[in-house]
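Some notes on the structure that comes next.
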Amino acid sequence: MPGPEVRRPAAPGSPVAWTLHGPGLCTGAWTGTTRRPCPAAAKVAAGGADAQCPACAAADRGRQIARDAALGDDGRQYLLYLAWFGTGLVKIGLTATDRGRDRLLEQAAIAFTPLAAGPYTPIRQAERLAAAAGLAAERISSRAKITAWWHLPPPAERATQLTEARDRIAGQVTWPGRVQLLPCTVTDQAAGFGLEQNPPGGYTEVTGFSDPATLAGQILLAAGRHLLLQTTSGPLLADMRHAAGRVIRPAATSARLGGMSLTFRAPPREPDDRQSSLF
């Protein structure tokens, strides 16, 4: 729907009982303050993870920045951040300062610290310089992030790894003009995601929703776009991008799961795309 985004809590321990109806429709383009509806009310591919049609994706400012297709400054201030997802999994990125930590929550960053602030163009240049020097990655796969949940070191060790990575970048990057280097201030989000306790062993993963589908259980983890639920059939991991653009209505808390394609995942091993060799 047009207008400002509406937030609803999905905290660990909360019950979920939803019926999802399709087909999924394009969610439109986010302008930075409001969501502009898709003029064609286009359908999105069933089973896919993209909730926008090509036209709306091209017009979305956030997607333009993610694809490095944004042209020039836009009058907003940007924050360059360093995010930690697991041992050896450190990512550099940027976000508009007025978004607060929304981008870090969306990406399921276990911990993060600001690096620098400034207009878009020099902040993007600084991001490229750090990535080109091999000091941090610009992208980390969703699978690597999820696998790392099962192997998190204690909070103090997480903070130490992130601080050391931040100090390397601060000392080795030649910072462009108009960029203000910021002090290291580590924020750890693991407890808010529900990761203060070890995740369960094996779990079932949702790979797609049909029409209709029913999703019900108690939230164990809520990190980024993923919900890990305790259900009557055991732990269930759902990538909620598969639900984007669908009509979601409340269901009875006793509702049975249905209308989903599933795959079983054994307890994850250590991530295989770690960056420890860079450090």
Does [Y] offer a backbone N or O that forms a donor-acceptor pair with the side chain of [X] under 3.5 Å?
X	Y	answer
Arg265	Leu237	no
Thr113	Cys184	no
Thr147	Pro268	no
Asp239	His226	no
Gln189	Ala109	yes

Taking it one step at a time, do Leu229 and Ile219 satisfy side-chain contact (heavy atoms from CB on, under 4.5 Å)?
-> CA-CA 4 Å; Leu229 305 177; Ile219 298 176; 3.6 Å; yes
Closest non-hydrogen atom pair, [X] against [Y]:
X	Y	answer
Lys145	Ile140	CE-O, 3.5 Å
Cys56	Gln52	O-NE2, 3.8 Å
His242	Val206	CD2-O, 4.2 Å
Leu89	Ala144	CD1-O, 3.8 Å
Leu227	Ala222	CD2-CB, 3.8 Å
Pro114	Leu182	CB-CD1, 3.9 Å

Close side-chain approach of [X] to [Y], heavy-atom, < 4.5 Å:
X	Y	value
Pro153	Thr87	yes
Ser142	Arg225	yes
Val186	Thr163	yes
Arg158	Leu152	yes
Phe193	Leu221	no
Arg63	Asp50	yes

Do Thr263 and Thr207 have side-chain atoms, one donor and one acceptor, less than 3.5 Å apart?
->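 There is no such pair between these side chains.
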Is it true that the side chains of Tyr81 and Gln107 contain a donor and an acceptor less than 3.5 Å apart?
->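 Yes, because at least one side-chain N or O of Tyr81 sits under 3.5 Å from a partner of the opposite role on Gln107.
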Does [atom1] in [X] sit with more than 12 non-hydrogen atoms of other residues, nucleotides or ligands closer than 6.0 Å?
X	atom1	result
Gln180	CD	no
Gln77	CD	yes
Arg143	CZ	yes

State the CG-CH2 distance between Asp60 and Trp30, to the nearest 0.5 angstrom.
->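 One gets 9.5 Å once the value is rounded to the nearest 0.5 Å.
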Could you give the distance from CG (Leu257) to CG (Leu262), rounded to the nearest 0.5 Å?
->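 One finds 8.0 Å between CG of Leu257 and CG of Leu262.
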Evaluate the salt bridge (charged side-chain N to carboxylate O under 4.0 Å, His left out) criterion for residues Arg99 and Glu106: first the C-alpha distance (whole Å), next the side-chain angles of each, then the deciding distance (0.1 Å), finally the verdict.
-> CA-CA 11 Å; Arg99 292 199 68 207; Glu106 291 168 357; 2.4 Å; yes
Pairs in or reaching into residues 210-222: which pass side chain to side chain donor-acceptor pair (under 3.5 Å), with residues at least two apart or in two chains?
->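 Listed once each, the pairs would be none.
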When clusters are formed by joining ILVMFWY residues with side-chain heavy atoms under 4.5 Å apart, either directly or through shared neighbours, do [X] and [Y] land in the same one?
X	Y	answer
Trp149	Leu105	yes
Val179	Leu79	no
Ile123	Phe112	no
Trp84	Val173	yes

Step by step, work out the salt bridge (charged side-chain N to carboxylate O under 4.0 Å, His left out) result for Arg124 and Glu138.
-> CA-CA 11 Å; Arg124 176 61 181 130; Glu138 289 187 88; 2.8 Å; yes
Show the atom names and distances, to 0.1 Å, of all donor-acceptor pairs under 3.5 Å that link a side chain in residues 9-27 to residues at least two apart or in another chain.
from, atom 1, to, atom 2, distance (Å)
Ser14, OG, Ala11, O, 3.0
Thr27, OG1, Ala51, O, 3.2

Would you sort out whether Val90 and Arg168 count as a side-chain contact (heavy atoms from CB on, under 4.5 Å), showing the intermediate values?
-> CA-CA 12 Å; Val90 180; Arg168 279 190 292 269; over 6 Å; no
Decide if the gap between the ring center of Tyr120 and the ring center of Tyr78 is smaller than 6.0 angstrom.
->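 Between Tyr78 and Tyr120, which both carry aromatic rings, the centre distance is below 6.0 Å.
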Name all residues meeting the salt bridge (Lys or Arg N to Asp or Glu O under 4.0 Å) criterion together with Asp167; count only those two or more places apart in sequence or in a different chain, and write none if there are none.
->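 Checked Asp167 against salt bridge (Lys or Arg N to Asp or Glu O under 4.0 Å); zero matches.
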side-chain contact (heavy atoms from CB on, under 4.5 Å) evaluation trace for Trp175 with Leu181 | CA-CA 8 Å; Trp175 297 96; Leu181 190 62; 3.6 Å; yes
